[in-house]
Amino acid sequence: MATIDVKVEINATPEKVWEIVSDIDNEPKFWKGTKEVKNLSKEGDTIKREITIAFRDQKCLQEVRLEPKKRIEAKFTKGIINGEKIVSIIPNGDKTILQTAWDIKLTGMMGMFTGMIKNHIKSGTEQAMQSIKEEIER
């Protein structure tokens with residue numbers, strides 16, 4: 001498994017950060033590794049969706065659970081990626097820490113490349129977090 005942990009401090013309230021990150025349909029705007037999002041169903045705070053990732057336009061199924069103003073838990077349920085991505089909002093005085101933690105591996109024969117893609121995903125996560133920070137602090 002590849003575990004990745006990226007944090008960024010944002011000069012905004014947790015509510016303001018949540019407003020941006022909880023708009024998960026807008027994910028491709030910030031996360032360049034996500035090309036497209038298609039929601040399949042929604043039940044309460046749980047959304048089942050299909051995402052197209054930049055790696056060979058592969059499609060993955062996800063189950064996303066929103067914990068308002070706290071975290072977004074995206075479990076990969078089918079496709080080339082197995083595991084989860086958790087985006088957490090942590091109040092820090094008059095600022096907010098936004099943290100993304102990945103615990104994933106590539107499935108099947110691609111599993112041997114998990115270590116190689118770890119740096120790529122970490123770099124993409126750092127870029128996404130910086131973009132979110134800039135959007136919020138504008």
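Just so it is clear, the structure is predicted and the values come from calculations on it, not from any experiment. Below, all heavy atoms of this structure are taken into account, side chains as well, without hydrogens, waters or symmetry copies. When a residue number appears, it is its place in the shown sequence, counting from 1.
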Novice: Compare every heavy atom of Arg65 with every heavy atom of Glu67, then report the nearest pair and how far apart it is.
Specialist: OE2-NH2, 3.3 Å

Novice: Strictly distance-based, threshold 3.5 Å: is any side-chain N or O of Lys35 a donor or acceptor partner for the main-chain N or O of Pro28?
Specialist: no

Novice: Check whether Thr96 reaches the backbone of Ala12 with its side chain - one donor and one acceptor, N or O, closer than 3.5 Å.
Specialist: yes

Novice: For Lys59 and Thr52: C-alpha separation, side-chain torsions, deciding distance, then whether side chain to side chain donor-acceptor pair (under 3.5 Å) applies.
Specialist: CA-CA 4 Å; Lys59 295 191 184 311; Thr52 304; 3.2 Å; yes

Novice: Work out which heavy atom in Lys118 is nearest to a heavy atom in Thr3; give both atom names and the distance.
Specialist: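 That would be CE-O, 3.0 Å.
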
Novice: Please name the residue in the list Ile80, Ile81, Asn82 that meets the side chain to side chain contact (heavy atoms under 4.5 Å, CB included) test with Lys105.
Specialist: Asn82

Novice: Give a yes or no answer on whether the side chain of Thr107 reaches the backbone of Gly79 with a donor-acceptor pair at less than 3.5 Å.
Specialist: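 Judged by distance alone, yes, a pair lies under 3.5 Å.
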
Novice: Could you check whether any side-chain heavy atom of Phe30 comes within less than 4.5 Å of a side-chain heavy atom of Ile20, counting everything from C-beta outward?
Specialist: yes

Novice: Give the intermediate values and the outcome of salt bridge (Lys or Arg N to Asp or Glu O under 4.0 Å) for residues Lys85 and Glu27.
Specialist: CA-CA 13 Å; Lys85 172 177 90 170; Glu27 200 170 296; 3.6 Å; yes

Novice: May I ask whether Ile117 and Ile53 are part of the same hydrophobic cluster, defined by side-chain heavy atoms of I, L, V, M, F, W, Y residues being less than 4.5 angstrom apart, directly or through others?
Specialist: yes

Novice: Hey, is the main chain of Asn119 close enough, under 3.5 Å, to the side chain of Ser123 for a donor-acceptor pair?
Specialist: no

Novice: Could you go through Asn26 and Trp31, starting from their C-alpha distance and side-chain angles, then the distance that decides it, and tell me whether this counts as side chain to side chain contact (heavy atoms under 4.5 Å, CB included)?
Specialist: CA-CA 9 Å; Asn26 223 355; Trp31 297 85; over 6 Å; no

Novice: Taking all non-hydrogen atoms of both residues into account, name the closest pair between Leu106 and Thr114 and its distance.
Specialist: N-OG1, 3.0 Å

Novice: Give, for atom CE of Met116 and atom CD1 of Ile121, the distance between the pair rounded to the nearest 0.5 Å.
Specialist: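 Met116 CE to Ile121 CD1: 12.0 Å, rounded to 0.5 Å.
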
Novice: At their closest point, which heavy atom of Gly44 faces which heavy atom of Lys42, and how far apart are they?
Specialist: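 Looking at all heavy atoms of both residues, the closest pair is O-CE, 3.2 Å.
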
Novice: For Met110 and Phe113, run side chain to side chain contact (heavy atoms under 4.5 Å, CB included): C-alpha distance rounded to whole Å, both residues' side-chain angles, the deciding distance at 0.1 Å, then the answer.
Specialist: CA-CA 6 Å; Met110 296 304 292; Phe113 299 108; 3.8 Å; yes

Novice: Return the minimal non-hydrogen interatomic distance between Leu66 and Ile24, and the atom names on each side.
Specialist: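 Scanning both residues, the minimum pair turns out to be CD2-CG2, 4.3 Å.
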
Novice: Output, in order, the C-alpha distance, side-chain angles, deciding distance and verdict of salt bridge (Lys or Arg N to Asp or Glu O under 4.0 Å) for Lys122 and Glu126.
Specialist: CA-CA 6 Å; Lys122 184 172 192 226; Glu126 289 167 347; 3.6 Å; yes

Novice: With distance as the sole test, does Lys133 use its side chain to make a donor-acceptor pair with the main-chain N or O of Glu9 at under 3.5 Å?
Specialist: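 Yes: the side chain of Lys133 pairs with the backbone of Glu9.
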
Novice: Counting C-beta onward and ignoring hydrogens, is there a side-chain heavy-atom pair between Arg71 and Ile89 closer than 4.5 Å?
Specialist: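 They are not in contact (no side-chain heavy atoms under 4.5 Å apart), so the answer is no.
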
Novice: Between Gln62 and Arg49, is there a donor-acceptor pair closer than 3.5 Å when you use the side chain of the first and the backbone of the second?
Specialist: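 The answer is no, because no donor-acceptor pair under 3.5 Å joins these two groups.
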
Novice: Once the angle between the rings of Trp102 and Phe76 is folded into 0 to 90°, is it parallel (under 30°), tilted (30 to 60°) or perpendicular (over 60°)?
Specialist: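 The arrangement is parallel - the two ring planes meet at less than 30°.
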
Novice: Compare every heavy atom of Met129 with every heavy atom of Thr100, then report the nearest pair and how far apart it is.
Specialist: OG1-SD, 3.1 Å

Novice: Would you tell me whether Ser131 and Glu135 have side-chain atoms, one donor and one acceptor, within less than 3.5 Å of each other?
Specialist: no

